[in-house]
Amino acid sequence: MNHVKRNILLNPGPATTTDSVKWAQVVPDICPREAEFGNVMKFISKELTNIVTNKHQYSTILFGGSGTAAVESILSSVIDSGDTVLIIDNGAYGKRMCEIAKVYGLNSLEYQSPSDDGIDLDALETVIRESSQKVTHLAVVHHETTTGLLNDIETIGSICKRYNIEMIVDAMSSFAAIPIDMDKMNIHFLAASSNKNIQGMAGVSFVIANNLSLESIKDIPPKNYYLNLYDQYQYFTKTSQLRFTPPVQTLYALQQAIIELNQEGIEERYKRYSESWNTLINGISKLGLRFMIPKKYHSRLITAIYEPDCSQYDFTEMHDYFYQQNFTIYPGKLNKFNTFRIANIGEICHKDIKEFLRLLENYLKNIGYLEES
Ligand SMILES: Cc1ncc(COP(=O)(O)O)c(C=O)c1O
């Protein structure tokens with residue numbers, strides 16, 4: 001296998017991939033309506049379901065599209081005219097769900113929670129209990145990629161169970177690293193994509209859903225065409241094909257990425273990521289930098305780091321300095337806080353983070369934030 005130049009992506013996905021995943025895209029041309037390709041998608045669909053449940057009552061519905069497609073598919077297909085969805089907003093992706101709900105004119109309530117601290121779950125329950133409109137659905141981001149804040153979806157799921165609420169989880173940046181059990185956590189619909197912790201290529205998004213919940217949306221009048229969840233589910237169940245042209249090569253890469261995920265195991269993958277994270281936070285602390293999210297609520301996957309208090313600091317210059325050395329870093333996403341972000345997901349390990357820290361120390365010396373030794 002030819003070696004492809006290795007870039008260390010410390011942005012929150014698409015993540016660094018293995019050569020074998022990259023090369024899995026180079027396959028003989030195939031019409032995606034062939035049974036042979038249907039088998040590839042059946043494998044992918046089954047294996048993705050297995051990541052979050054061992055029960056047979058769940059299905060994975062694939063879409064060609066980025067992660068937002070899966071989130072939009074759920075919200076637009078599941079919330080009927082008489083329903084009310086409560087959306088938890090404690091970061092940019094929670095806010096995005098609120099925006100999607102507005103675009104579709106859904107009956108939605110927003111629950112604002114601080115972006116740098118855990119959700120007050122008692123207060124959330126009070127809002128649900130005292131709401132004048134019966135809350136039928138709750139939507140939450142598992143891991144706010146904006147900051148690294150991990151929301152306690154298990155407890156939120158138990159609250160939903162008490163009030164007979166269907167739970168929708170955007171698990172884009174937690175899926176395939178942080179263990180999720182949809183049945184135990186009472187998750188009815190979950191959205192994720194191919195290019196973060198699965199370590200595949202960008203271009204496939206998917207919804208994993210409880211089959212009974214899927215059947216219950218059958219008669220909801222469609223609000224869009226391409227993203228209609230029930231139609232996509234039915235068509236794939238009957239034909240093992242997507243309704244519209246799938247990203248063929250991306251799916252071959254995803255198949256390979258899943259094989260490699262199964263070889264490594266989710267727990268081992270999270271252990272590897274966590275080792276990188278420990279290296280990162282110890283290293284930045286030594287350099288006098290602080291990170292935003294308290295350890296108790298931290299995903300250990302993505303870290304929002306406060307920018308150094310130094311007049312010479314400039315994110316773009318720092319980015320370019322790293323980029324020349326094959327490291328890609330990422331800006332913050334919350335206007336209120338001045339941060340930059342480092343993700344430790346993908347096919348990287350603590351040694352790569354050590355090298356990042358060495359370069360960061362050099363940069364901080366160059367701008368006069370740290371003294372030359
Ligand atoms: C939690 C979360 N939701 C949704 C998205 C949107 O995914 P995409 O940019 O692939 O549409 C992202 C992307 O980073 C994310 O982290």
Side-chain angles (χ1 to χ4, degrees), residues 9-17 48 51-52 61-76 85 87-104 110 113 115-116 119 138-153 156 167-178 180 187 189-208 224 226-227 229 246-247 250-251 253-254 257 273 292-293 297-304 328-334 339-346:
L9 300 187
L10 302 181
N11 50 294
T16 300
T17 56
L48 291 175
I51 291 173
V52 285
I61 300 105
L62 303 167
F63 287 94
S66 80
T68 305
V71 178
E72 186 165 339
S73 170
I74 298 175
L75 288 170
S76 62
V85 58
I87 303 173
I88 297 177
D89 170 6
N90 58 356
Y93 294 102
K95 197 172 285 320
R96 184 173 294 179
M97 290 201 286
C98 296
E99 285 164 8
I100 294 171
K102 279 200 191 96
V103 167
Y104 283 97
E110 295 175 13
S113 177
S115 48
D116 56 351
I119 297 171
L138 180 145
V140 61
V141 174
H142 187 197
H143 172 215
E144 252 304 345
T145 320
T146 342
T147 54
L149 179 65
L150 192 66
N151 288 322
D152 179 359
I153 52 169
I156 296 172
M167 180 154 74
I168 297 164
V169 174
D170 171 350
M172 210 65 64
S173 57
S174 57
F175 188 86
I178 299 179
I180 294 173
I187 303 170
F189 298 92
L190 178 143
S193 71
S194 52
N195 57 259
K196 294 190 192 286
N197 308 321
I198 304 181
Q199 302 185 179
M201 296 296 158
V204 178
S205 62
F206 52 90
V207 175
I208 307 180
N224 52 30
Y226 189 86
L227 294 175
L229 188 60
T250 305
L251 284 159
L254 181 54
Y273 287 0
M292 190 174 161
I293 300 298
Y297 300 113
H298 210 295
S299 65
R300 299 166 181 252
L301 301 175
I302 287 151
T303 304
T328 302
I329 63 167
Y330 217 56
K333 208 174 167 98
L334 292 171
T339 60
F340 66 94
R341 281 180 292 169
I342 298 299
N344 47 273
I345 62 174

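Note that ligands are numbered from 1 as they come in the structure, with each ligand's atoms numbered from 1 the same way.
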Q) Would you say Glu144 contacts ligand 1, with heavy atoms under 4.0 Å as the rule? A) no
Q) Is the number of heavy atoms from other residues, nucleotides or ligands under 6.0 Å of Tyr330 OH greater than 12? A) no
Q.
Closer than 4.0 angstrom, basic N to acidic O: yes or no for Lys95 and Glu144?
A. no
Q | Within reach of ligand 1, part of Asp170 (heavy-atom separation under 4.0 Å) | A | side chain
Quick one: side chains of residues 197-207, donor-acceptor pairs under 3.5 Å with protein atoms, not counting sequence neighbours, listed by atom name and distance.
residue, atom, partner, partner atom, Å
Asn197, ND2, Ser173, O, 3.0
Asn197, ND2, Ser174, O, 3.4
Asn197, ND2, Phe175, O, 3.1
Gln199, OE1, Arg272, NH2, 3.1
Gln199, OE1, Tyr273, OH, 2.7
Gln199, NE2, Glu347, OE1, 2.8
Ser205, OG, Ser66, O, 3.2

(Q) How far is atom 13 (C) of ligand 1 from the closest protein heavy atom, and which atom is that? (A) Lys196 NZ, 3.4 Å
Q: Quick one: pull up CG in Leu9 and OG1 in Thr16 and give me the separation to the nearest 0.5 Å.
A: 4.0 Å
Q.
Check this for me - ligand 1, Asn195, N or O atoms closer than 3.5 angstrom, yes or no?
A. no
Q.
Need the ligand 1 atom indices (1-based, order shown) with element for anything under 4.0 Å from a heavy-atom of Thr68.
A. 6 (C), 7 (O), 8 (P), 11 (O)
Q: Nearest 0.5 Å please: distance from the CG atom of Asp116 over to the CE atom of Met292.
A: 4.5 Å
Q. For Ser66, is at least one N or O under 3.5 Å away from an N or O on ligand 1?
A. yes
Q) Is the shortest distance from a heavy atom of His142 to ligand 1 less than 4.0 Å? A) no
Q. Considering only the protein, which heavy-atom contact is closest to atom 1 (C) of ligand 1, and what is its distance?
A. Thr145 OG1, 3.3 Å
(Q) Using 0.5 Å steps for rounding, measure from the OG atom of Ser115 to the CG atom of Asn90. (A) 7.5 Å
Q: Provide the number and element of each atom of ligand 1 under 4.0 Å from a heavy atom of Arg96.
A: 6 (C)
(Q) With heavy-atom distances below 4.0 Å as the criterion, list the atoms of ligand 1 near Met172. (A) 1 (C), 2 (C), 3 (N), 4 (C), 5 (C), 12 (C), 15 (C)
Q: For atom 12 (C) of ligand 1, find the nearest protein heavy atom and state the residue, atom name and distance (0.1 Å precision).
A: Tyr93 CE2, 3.3 Å
Q) When you check the side-chain N and O atoms of Arg341 and Thr303, is any donor under 3.5 Å from an acceptor? A) no
(Q) Check whether His298 reaches the backbone of Arg300 with its side chain - one donor and one acceptor, N or O, closer than 3.5 Å. (A) yes
Q: Would you mind listing which atoms of ligand 1 come within a distance below 4.0 Å of any non-hydrogen atom of Val141?
A: 1 (C)
Q) What is the nearest protein non-hydrogen atom to atom 10 (O) of ligand 1, stated with its residue, atom name and distance? A) Gly67 N, 2.9 Å
Q. For Val71, is the nearest heavy atom under 4.0 Å from an atom of ligand 1?
A. no
**Q.** Separation between CG of Leu229 and OG of Ser73, rounded to the nearest 0.5 Å
**A.** 4.0 Å
(Q) Only heavy atoms of His143, strictly under 4.0 Å: list the atoms of ligand 1 that pass. (A) 1 (C)
**Q.** Gap separating the CD atom of Glu72 from the CZ atom of Phe63, nearest 0.5 angstrom
**A.** 10.5 Å
